[in-house]
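This one's a predicted model, so the numbers in the text were calculated from it and none came from an experiment.
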Amino acid sequence: MTDAAALPGRPRGGVLTGPATARAVNVLAPNASAMTLDGTNTWIVSEPGSELAVVIDPGPLDEGHLSNVVGTAEKAGKRVALTLLTHGHPDHAEGAARFAELTRTRVRALDPALRLGDEGLGAGDVIEVGGLELRVVPTPGHTADSLCFHLPADRAVLTGDTILGRGTTVVAHPDGRLGDYLDSLRRLRSLTVDDGVHTVLPGHGPVLEDAQGAVEFYLAHRAHRLAQVETAVEDGHHIPAQVVAHVYADVDRSLWPAAELSVRAQLDYLREHGLI
């Protein structure tokens with residue numbers, strides 16, 4: 001068995017559901033799969049002592065899960081006052097409208113189509129609820145509308161699918177773009193260097209105790225895959241499916257359709273930069 005401390009980002013062991021930091025509690029959705037890992041992490045975030053909470057990514061449209069999120073907050077003496085979305089993929093956002101009904105809250109997101117209420121989310125926004133402070137960090141790449149939320153009081157960042165607790169994420173071409181994703185990873189690295197962020201609260205998988213290590217691993221992984229794709233093209237593999245079979249031979253075949261999205265994004269990046 002591999003020591004978790006030796007893995008990229010130092011994933012935290014133990015049960016995923018429950019308190020993760022002084023201000024963040026995870027409620028794991030029952031939608032485990034090869035793509036969602038153990039399931040979607042729905043985060044309840046609140047200031048200690050406050051009666052108000054923010055929920056990030058209600059997850060799939062699953063009545064049991066949505067009720068569990070509400071119940072978990074209520075058992076802690078909290079009322080959900082606001083719902084936020086890291087991005088619009090169904091495993092994170094499908095249940096948002098129903099959750100808003102249950103909690104009578106607004107839903108704020110970057111994509112106007114996902115919002116319930118007049119307020120969206122954008123670069124530089126600071127969300128304050130019951131003494132809690134969350135800072136919006138634009139991180140396009142996985143999708144065009146991807147956001148992270150910096151929780152400075154816990155020196156943590158909630159990353160949605162931009163950084164996962166295990167493995168690496170998909171650049172969901174054509175909406176996701178590799179150049180944007182690399183810029184977003186560098187933006188997150190600056191949070192670890194300049195703002196002291198050390199904990200990643202991901203959209204899937206365990207909490208990561210070494211945020212900077214996780215970001216550096218992701219950057220190195222992307223550079224390695226990009227070089228592999230470039231070599232594959234030089235060797236005559238020009239069709240994305242061929243590149244996947246050549247470059248991702250070590251990956252479970254059930255994940256090849258998702259890998260092809262990343263390959264298409266990588267091919268676009270290489271063309272844009274005149275490398276193929």
Trainee: To check you understand the geometry: which heavy-atom pair defines the closest contact between Leu226 and Tyr269, and what is its length?
Mentor: CD2-CE2, 3.4 Å
Trainee: Strictly distance-based, threshold 3.5 Å: is any side-chain N or O of Trp256 a donor or acceptor partner for the main-chain N or O of Ala249?
Mentor: no
Trainee: State plainly whether one hydrophobic cluster holds both Leu116 and Leu52, where clusters connect Ile, Leu, Val, Met, Phe, Trp and Tyr through side-chain heavy atoms under 4.5 angstrom apart.
Mentor: no
Trainee: Looking only at heavy atoms, which two atoms of Leu121 and Leu85 are closest? And how far apart?
Mentor: CD1-O, 4.2 Å
Trainee: Return yes if some donor-acceptor pair links the side-chain N/O of Thr40 with the main-chain N/O of Ala29 below 3.5 Å, else return no.
Mentor: no
Trainee: Is it the case that one hydrophobic cluster holds both Phe149 and Leu208, taking links as side-chain heavy atoms less than 4.5 Å apart, direct or via other members?
Mentor: no
Trainee: Taking Arg189's backbone N and O only, do any of them form a donor-acceptor pair with Thr192's side chain (distance below 3.5 Å, no angle check)?
Mentor: yes
Trainee: Are Val55 and Thr42 close enough that some pair of their side-chain heavy atoms sits under 4.5 Å apart?
Mentor: yes
Trainee: Inspect the contact between Asp183 and Arg222 and indicate whether a charged nitrogen and a carboxylate oxygen are less than 4.0 angstrom apart.
Mentor: no
Trainee: Just wondering, do Thr199 and Arg155 contact through their side chains at under 4.5 Å, heavy atoms?
Mentor: no
Trainee: Does His204 reach the main-chain N or O of Gly39 with its side chain, forming a donor-acceptor pair under 3.5 Å?
Mentor: yes
Trainee: Membership question, hydrophobic clusters at under 4.5 Å side-chain separation (ILVMFWY): are Val137 and Leu219 in the same one?
Mentor: yes
Trainee: For a side chain to side chain donor-acceptor pair (under 3.5 Å) check, start with the C-alpha distance between Asp161 and Thr169, then their side-chain angles and the critical distance, and finish with the verdict.
Mentor: CA-CA 6 Å; Asp161 282 355; Thr169 199; 5.1 Å; no
Trainee: Donor-acceptor pair, distance only, cut-off 3.5 Å: does the side chain of Arg225 make one with the backbone of Val247?
Mentor: yes
Trainee: For Gln242 versus His237, what's the shortest heavy-atom pair and its separation?
Mentor: OE1-CA, 3.8 Å
Trainee: For Leu110 and Ala144, work out which heavy atoms get closest and say how close.
Mentor: CD2-O, 4.0 Å
Trainee: With a 4.5 Å heavy-atom cut-off, do Val45 and Asp154 have their side chains touching?
Mentor: no
Trainee: Carefully, step by step, assess Leu82 and Arg106 under the rule side chain to side chain contact (heavy atoms under 4.5 Å, CB included).
Mentor: CA-CA 6 Å; Leu82 180 64; Arg106 296 166 295 145; 3.7 Å; yes
Trainee: Taking the side chain as C-beta and beyond, is there a heavy-atom pair between Leu164 and Thr168 under 4.5 Å?
Mentor: no
Trainee: Rounded to the nearest 0.5 Å, what separates atom CG in Leu61 from atom CG in Asn31?
Mentor: 11.5 Å
Trainee: Work out which heavy atom in Glu47 is nearest to a heavy atom in Gly130; give both atom names and the distance.
Mentor: CB-O, 3.5 Å
Trainee: Could you pull out the closest heavy-atom pair between Ala96 and Pro58, with the gap in Å?
Mentor: CA-CG, 3.9 Å
Trainee: Verify side chain to side chain contact (heavy atoms under 4.5 Å, CB included) between Ser50 and Leu132, making sure each step is shown before the conclusion.
Mentor: CA-CA 8 Å; Ser50 172; Leu132 177 77; over 6 Å; no
Trainee: Before you tell me yes or no, could you show the steps for Val233 and His238 under side chain to side chain contact (heavy atoms under 4.5 Å, CB included), namely the whole-Å CA-CA distance, both residues' side-chain angles and the distance that decides it to 0.1 Å?
Mentor: CA-CA 5 Å; Val233 172; His238 299 286; 3.7 Å; yes
Trainee: Does Glu133 have more than 12 heavy atoms from other residues, nucleotides or ligands lying within 6.0 Å of its CD?
Mentor: yes
Trainee: In terms of hydrophobic clustering (I, L, V, M, F, W, Y; side-chain heavy atoms under 4.5 Å; direct or indirect links), are Ile127 and Trp43 co-clustered?
Mentor: yes
Trainee: Can you hop from Val193 to Val197 via hydrophobic side chains spaced under 4.5 Å?
Mentor: no
Trainee: Counting distance only, does the side-chain N/O of Asp195 pair as donor-acceptor with the main-chain N or O of Pro152 below 3.5 Å?
Mentor: no
Trainee: Would you indicate whether Asp194, at its atom CG, is surrounded by more than 12 heavy atoms from other residues, nucleotides or ligands within a distance under 6.0 Å?
Mentor: yes
Trainee: Any side-chain heavy atom of Leu16 within less than 4.5 Å of one from Pro206?
Mentor: yes
Trainee: Between Arg12 and Glu209, is there a side-chain N and carboxylate O pair less than 4.0 Å apart?
Mentor: yes
Trainee: For residues Arg177 and Pro140, determine if any side-chain heavy atom of one lies less than 4.5 Å from a side-chain heavy atom of the other.
Mentor: no
Trainee: Look at the side chain of Asp125 and the backbone N and O of Gly122, then say whether any donor-acceptor pair between them is shorter than 3.5 Å.
Mentor: yes
Trainee: Is the closest side-chain heavy-atom distance between Asp111 and Thr143 below 4.5 Å?
Mentor: no
Trainee: Under the side chain to side chain contact (heavy atoms under 4.5 Å, CB included) criterion, do Leu134 and Leu158 qualify, and how do the steps go?
Mentor: CA-CA 10 Å; Leu134 288 167; Leu158 297 107; 4.1 Å; yes
Trainee: Backbone N or O of Val171 within a donor-acceptor pair of the Ser262 side chain at under 3.5 Å?
Mentor: yes
Trainee: Got a donor-acceptor contact below 3.5 angstrom from the Asp210 side chain to the Pro8 backbone?
Mentor: no
Trainee: Pair Thr162, Thr159 - check side chain to side chain donor-acceptor pair (under 3.5 Å), show working.
Mentor: CA-CA 5 Å; Thr162 299; Thr159 55; over 6 Å; no
Trainee: Would you say the side chain of Gln228 lies within less than 4.5 Å of the side chain of Tyr248, judging by non-hydrogen atoms?
Mentor: no
